[in-house]
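The next block holds one structure in the form of structure tokens; read it before the comments.
Both counts, for ligands and for their atoms, begin at 1 and track the order of listing.
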Amino acid sequence: MLIRHNYTKTIPSNEITPESVYKERRELMKLAASAVALAATPLFGALNYEREKTSRGLKPTSFDQITTYNNFYEYSTDKESPARLAKNLKTRPWTMSIGGEVQKKVTLDIDQLLKLIPAQERIYRFRCVEGWSMVVPWVGIPLASVLKHVGLTSKSKFVEFQTLFDPKQFPAQRESFGSISFPYREGLRIDEAMNPLTLLAVGLYGKELLPQNGAPIRLVVPWKYGFKSIKSIVSITLRETPSHTTWNDMAPKEYGFFANVNPTVDHPRWSQARERPLGSFFKQDTLMFNGYEKEVAHMYKGVNLRKFF
Ligand SMILES: Nc1nc2c(c(=O)[nH]1)N[C@H]1C(S)=C(S)[C@@H](COP(=O)(O)O)O[C@H]1N2
Ligand SMILES: [Mo]
């Protein structure tokens with residue numbers, strides 16, 4: 001039986017959530033979550049996820065900022081339009097196929113997937129290659145759990161992701177001379193995909209993702225520039241050879257395949273040393289690997305990060 005809760009509709013979009021209020025609410029959610037468990041409704045809604053224990057003192061950007069300042073080229077190249085244009089994206093039913101070099105190819109209904117793998121909260125920094133940043137309390141499932149579920153082989157060396165191609169729903173996909181080519185594609189090396197930080201996000205601030213943020217399921221790779229975090233995913237393909245990626249295929253000198261956040265490697269047209277957090281007037285220093293050096297630097301040991309940027 002499928003019971004769908006539309007919690008997103010009950011949240012005013014102009015809501016700003018100071019940390020204290022947010023913490024309080026999370027306590028409430030914890031209570032509600034156990035109530036949900038007791039009522040035996042293991043469905044993903046606003047409440048059914050394991051809360052993060054350590055947020056490393058990060059203060060989440062407001063819900064309003066995160067949901068009204070977006071990059072989603074399938075709608076528009078400006079930041080304000082996606083929130084308005086994405087309202088009617090049909091996010092259920094939604095299936096995601098996983099194929100290529102795997103032990104068993106599957107097509108998963110995402111509600112089913114969420115029953116299989118419990119969602120967790122992860123409060124991550126997020127840094128766009130354009131020089132703005134935010135802190136997002138994501139709700140999601142580790143990509144590694146999903147890949148383990150389908151089973152990897154010795155040929156599973158890269159992962160490729162694709163966004164839905166549906167010109168009826170995505171206005172920019174109807175234009176023959178657009179800004180980028182569609183479907184949007186992104187890729188990771190298998191060790192990056194299996195890193196415990198790599199998440200398939202289905203929510204933020206304890207609520208289902210809004211379409212402008214990549215509903216119903218999008219990638220989050222917190223140590224890489226935001227364009228790697230592909231939205232509204234319909235397929236994941238394991239490959240023996242490097243994945244196609246929209247930005248790297250289009251402008252390889254400007255957007256590397258790795259796209260690791262690195263304050264010492266500038267974009268050809270601007271510095272990457274600093275960033276402006278959304279909602280803040282002042283800039284701050286950008287951190288190596290976006291602050292996740294401890295968790296990810298080992299994957300790039302001995303790699304020339306200027307060359308493989
Ligand atoms: N399908 C798709 N995914 C995408 C994009 C896009 O245009 N289309 N933009 C990327 C870029 S450049 C960024 S910074 C983030 C923005 O995510 P947000 O709008 O949730 O902040 O999504 C990434 N994923
Ligand atoms: Mo971005």
Side-chain angles (χ1 to χ4, degrees), residues 8 13 60-86 89 91 94 96 122 124-140 160-167 169-173 175 178-188 198-205 207-236 243-251 254-256 259-261 267 269-270 272 275-279 286 290:
T8 54
S13 69
T61 303
S62 75
F63 181 82
D64 185 47
Q65 296 272 358
I66 298 171
T67 57
T68 59
Y69 188 88
N70 302 100
N71 268 334
F72 204 159
Y73 279 31
E74 283 81 344
Y75 290 106
S76 168
T77 53
D78 74 63
K79 308 278 192 264
E80 290 73 30
S81 301
R84 180 171 45 86
L85 298 172
L89 180 70
T91 56
W94 189 281
M96 200 170 64
R122 299 279 183 90
Y124 284 159
R125 292 190 186 85
F126 187 97
R127 168 64 154 82
C128 173
V129 73
E130 298 161 341
W132 54 269
S133 68
M134 56 184 177
V135 173
V136 187
W138 300 108
V139 176
E160 182 171 307
F161 306 84
Q162 273 193 30
T163 294
L164 175 69
F165 183 79
D166 184 357
Q169 298 203 75
F170 290 138
Q173 292 181 342
E175 291 157 20
S179 45
I180 57 173
S181 70
F182 298 113
Y184 195 105
R185 294 191 286 193
E186 256 312 330
L188 296 172
T198 307
L199 205 65
L200 284 173
V202 294
L204 58 85
Y205 268 105
K207 300 179 270 281
E208 286 182 11
L209 279 185
L210 290 178
Q212 59 266 37
N213 292 108
I217 188 158
R218 62 94 57 88
L219 186 67
V220 177
V221 197
W223 72 95
K224 293 179 181 283
Y225 290 118
F227 66 86
K228 298 298 285 184
S229 293
I230 181 173
K231 296 177 169 181
S232 309
I233 299 168
V234 290
S235 75
I236 300 181
S243 336
H244 288 286
T245 79
T246 297
W247 289 95
N248 182 239
D249 287 358
M250 186 177 68
E254 304 205 358
Y255 309 100
N260 292 321
V261 175
H267 185 277
R269 291 183 278 130
W270 59 85
Q272 292 293 27
E275 66 198 43
R276 193 182 68 83
L278 293 187
T286 287
N290 207 24

Suppose we measure from [atom] to each protein heavy atom; which comes out shortest, and what is that distance?
atom	answer
atom 9 (N) of ligand 1	N71 O, 3.3 Å
atom 10 (C) of ligand 1	Y184 OH, 3.5 Å
atom 17 (O) of ligand 1	R218 NH2, 3.1 Å
atom 8 (N) of ligand 1	E74 OE1, 2.8 Å
atom 24 (N) of ligand 1	S229 O, 2.9 Å
atom 7 (O) of ligand 1	Y73 N, 2.7 Å
atom 21 (O) of ligand 1	M134 CE, 3.0 Å

Of all the atoms in ligand 1, which lie at a distance below 4.0 Å from a heavy atom belonging to [X]?
X	value
C128	14 (S)
F227	10 (C), 11 (C), 12 (S)
N213	18 (P), 20 (O)

Inset, instruction - Using distance alone, decide if ligand 1 has a nitrogen or oxygen within less than 3.5 Å of any nitrogen or oxygen in K231. - result: yes
Inset, instruction - For E186, enumerate each residue passing the salt bridge (Lys or Arg N to Asp or Glu O under 4.0 Å) test, keeping only those at least two apart in sequence or located in another chain. - result: K228
Inset, instruction - Run the salt-bridge test on E130 and K79 with the 4.0 Å N-O cut-off and return the result as yes or no. - result: yes
Legend entry - Aromatic ring proximity Y255/Y225, centre distance under 6.0 Å: no
Legend entry - All side chain to side chain donor-acceptor pair (under 3.5 Å) counterparts of S81, not counting sequence neighbours: D78, R84
